[in-house]
Amino acid sequence: MVSLRESLGLPPLVAPAEDRIAPDVPDLDNNTLKTALVEMIRMRRIEEDAAKAYGRGKISGFCHLYIGQEAVAEGTVLAIRPDDYMISAYREHAQALAKGMDAKGIMAELFGKKTGSVKGKGGSMHLFDNKVHFLGGHGIVGGQIPIAAGVGFAIRYNEEDRVCICFFGDAAINQGAFYEAANMAVVWKLPVIFICENNLYGMGTAIRRTSATATLAQRADGLAMPSAQVDGQHVFRMYEAVYRAVQRARAGEGPTLIEALCYRYRGHSMSDPQKYRTREEVEQAKEYDPITGLQAILAARGVLTEADVESIEQQVRLEMDEVVQFADTSELPPVEWAFEDVLVENEVNHA
Amino acid sequence: MTDGEPLLQILDEHGNLVGDIPEPLTNDDLVMLYRHMRRIRVVDERMLPLQRQGRISFYGAATGQEAAVVGSGYALSPDDWVFPALREGGVALMRGYDLWLYIAQLFGNITDVTHGRQMPCHYTSRRHHFVSLSSPIGTQLPQAVGTAMGMRIRGETKATAVYMGDGATSEGDFHIALRFASRYQAPVVFFCQNNQWAISVPSSKQTRATSFAIKGTAYGIPWERVDGNCVLAVFAATQRAVQRAYAGLGPSFVEALTYRIGAHSTSDDPSRYRDESVTEAWKSRCPLIRFRTFLTTRNLWNEDKERNFVTELETAIKQAVHEHEAASPPPLSSMFTDVYAKLPAHIVEQQQMAQNFAATKPRGHRS
């Protein structure tokens, strides 16, 4: 059978159970990997619960789920420090969670409640938490990319050794904003890691209909930026690629473009009938599921039993039940809040 | 930026033939190439002082870049559409655009077909398939690709040529245009005049890529670099690109390495930001001198021909300047025409307001 990726003219995925971290990158011990597994399960569960809440009318407006792409965020987080920045687009709930944002604050924000991370005023696409250096949550396709370059510039200007992770999708790479920001990042050697999550569809438009080149990583060639195409469904491969990029960035050698091949199991948003792909294709992609892949690796190492998995599942279920309960029972923000937190001084006077 | 990729050269800096004269150029073509280049130089030399004297408001010269303009323009067929940047007005002249109208555009009086509604150097002629340049950097790139995509959909054997400077290659529109062109195999020739200065920004601060041409790689677009001061090399590379477009093989990218001898425009003083001794070195690589030496050694050109050509041209320019300067400014009413087929109500209202205002002024405002 021709694999999904082959049918799209993309290189086949390496089996996720492949248990090996490249020798040039520090190894990850079993405890770290078990924690990574828990984090990925939390990411999936919070999204599944968001979907359920959406179905019950608890969440309004847009809601873009990350289910299937968890290894991209987790592999990235494993390679950076807590004080590094992360900025993303609108499929960011799980990334925010991976970066250390409070699950309750995330869910309450989706519910539009006053206890949300931005007081219920941003919603699904605008999660933000300066404490964990998660800089959003941006609704305009590619809009976060020049901001990431600006963050990178600030890091250099302040002579820090931090980096800025910038996530965007396979369609956003076609925006002029990507090209302009990426070029400046190379010219000025900004410590930005551009991670293009190629989930093969820009909404309903398949990648083969938008690009004449074999890879999106190739787009960096015109800018003299190092780049790599990696298996974004394997947490090890993501970790390795991001680790190398972070090393370069911290050494003052500038940015890297990483194309993470991945697949979103759900629709682009909650209002996507998915007529552009078959059910079989989605099922086939799930054979490379990042979570079961990591589970298989840990099981083969003999450090994870079925009972452990059940216990993790149970623990995460309890946490997320509480998270949803918290969001549900929180209050809506008062109307006056609509006029706060934008201008330092409210100079608007219509009288 | 480092000069990583080799440059195609057919005439060396001293005018010696180091390659083959491109097919199908005849001796008459060679002379014509020179005349086109020489004409641009003479026109530029006459127009710049007019701006300095306050008689026209702006001018962008092509001094030092004439081979890039003429070599590329000569490779196009009259049916191909041209989307110029600032310095390719010479391509319009090559296509038969009247010099008298060209000068009229700079004055923007009643004799200008665009009635002074554009800045100088924004020549435009549907008949010559020459689109007005866009002052915003790089906006012509997606427009040209769209035009080329249209040609492909209609099944025409035509191409679109779009010019840009080195600075435009950092624009988002550049990225968008190249991506669309490669995906839809648009018959478009991207022509980058790398004169090494984007106003005051040198190429070294523009990109870390080893050349501008190599940017084509990111989109799977074939590219070629040429010595932009060798008119024959520019012609050869552009002709190859045009032939690819005609054959349905999609876009190509040509980078012509040259040097901007003068200021970016009349609103610029390059001595404030660059070492002008480098400029002096480039003056000695003048594309006109190189090609004239070549033609002279082949007995295709001589001093008499040069003198007659320049004298005749200068007479025509002098006459045109005299006529356009003496012409009346366009009527106030022209401000409201040539955009809408039928004026919408709010524009009619503004037109009335403008006329009423003008009526209160003692002189100089005509309705």
Side-chain angles (χ1 to χ4, degrees), chain A residues 9 140-143 145-146 149 153 168-190 192 194 196 198 202 205-229 248 252-257 259, chain B residues 1-5 136-139 141-142 145 149 152 164 166-186 188 190 192 198 201-223 225 249-253 255:
Chain A
I140 305 296
V141 174
I145 308 175
F153 186 84
F168 52 93
D170 45 275
I173 203 169
N174 294 329
Q175 291 284 0
F178 160 75
Y179 179 77
E180 293 180 2
N183 185 46
M184 285 186 198
V186 182
V187 171
W188 296 335
K189 296 195 170 183
L190 305 180
V192 181
F194 297 99
C196 177
N198 181 1
T205 306
I207 185 74
R208 63 174 165 225
R209 297 179 64 191
T210 62
S211 181
T213 55
T215 74
L216 295 178
Q218 190 179 338
R219 296 288 172 85
D221 292 356
L223 303 168
M225 191 196 293
S227 67
Q229 186 190 51
R248 281 178 31 78
E253 290 169 27
T256 304
L257 172 65
E259 177 190 1
Chain B
M1 182 172 200
T2 54
D3 264 350
E5 287 78 39
I137 299 301
T139 53
L141 296 162
V145 171
M149 285 165 67
R152 187 176 163 90
M164 74 200 88
D166 38 284
T169 66
S170 292
E171 287 287 343
D173 276 355
F174 173 86
H175 175 65
I176 289 163
L178 268 71
R179 206 279 300 176
F180 265 92
S182 75
R183 173 58 188 83
Y184 293 99
Q185 291 291 288
V188 57
F190 294 104
C192 176
V201 179
S203 303
S204 58
K205 289 188 179 174
Q206 195 69 248
T207 179
R208 284 194 192 273
T210 46
S211 69
F212 292 106
I214 203 167
K215 285 172 178 278
T217 308
Y219 312 90
I221 294 177
W223 51 267
R225 286 190 93 205
L249 299 173
S252 308
F253 192 100
E255 174 191 350

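Keep in mind that what you see is a predicted model, and the values were worked out from it rather than measured. Letters go in sequence order (proteins before strands), and every chain restarts at 1.
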*Asks:* Hey, what do you get for CG (A:Asn174) to CG (B:Leu178), rounding to the nearest 0.5 Å?
*Replies:* 12.0 Å

*Asks:* Tell me, please, which residues at least two apart from B:Arg183 pass salt bridge (charged side-chain N to carboxylate O under 4.0 Å, His left out).
*Replies:*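 B:Arg183 satisfies salt bridge (charged side-chain N to carboxylate O under 4.0 Å, His left out) with no residue once adjacent residues are dropped.
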
*Asks:* Between A:Thr210, A:Asp221, A:Val186, who has the most heavy-atom pairs with chain B when the cutoff is under 4.5 Å?
*Replies:* A:Thr210

*Asks:* Heavy atoms, side chains only, cut-off 4.5 Å: are B:Tyr219 and A:Arg219 in contact?
*Replies:* yes

*Asks:* Against chain A, label B:Tyr184 side chain, backbone, both or neither, depending on which of its atoms sit under 4.5 Å from a heavy atom there.
*Replies:*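 When you check distances to chain A, only side chain atoms of B:Tyr184 fall under 4.5 Å.
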
*Asks:* Select, from A:Arg209, A:Met225, A:Met184, A:Gln175, the one with the greatest count of heavy-atom pairs under 4.5 Å involving chain B.
*Replies:* A:Arg209

*Asks:* Ring-plane angle category for A:Tyr179 and B:His175, please: parallel below 30°, perpendicular beyond 60°, tilted otherwise.
*Replies:*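 It falls in the parallel class, under 30°.
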
*Asks:* If we only count heavy atoms from C-beta on, is the B:Arg208 to A:Trp188 side-chain gap below 4.5 Å?
*Replies:* no

*Asks:* Determine the minimum heavy-atom distance between B:Ala209 and A:Gly222, stating which atoms define it.
*Replies:* CB-O, 3.6 Å

*Asks:* Could you tell me if the side chain of A:Ile173 sits less than 4.5 Å from the side chain of B:Arg179, heavy atoms only?
*Replies:* no

*Asks:* Can you say whether B:Gln185 sits under 4.5 Å from chain A via the side chain, the backbone, both, or neither, judging by heavy atoms?
*Replies:* neither

*Asks:* So, taking the atom named CG in A:Leu223 and the one named OG1 in B:Thr169, what distance separates them when rounded to the nearest 0.5 Å?
*Replies:* 9.5 Å

*Asks:* State, to 0.1 Å, how close A:Asn183 and B:Ser170 come at their nearest heavy-atom pair, and which atoms those are.
*Replies:* ND2-OG, 3.1 Å

*Asks:* Just checking A:Ile140: does its CD1 atom have more than 12 heavy atoms from other residues, nucleotides or ligands closer to it than 6.0 angstrom?
*Replies:*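 Result for CD1/A:Ile140: open.
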
*Asks:* Would you check if the side chain of A:Glu180 reaches a backbone N or O of B:Gly172 as a donor-acceptor pair within less than 3.5 Å?
*Replies:*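 Yes, the answer is positive, given that a donor and an acceptor are paired below the 3.5 Å cut-off.
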
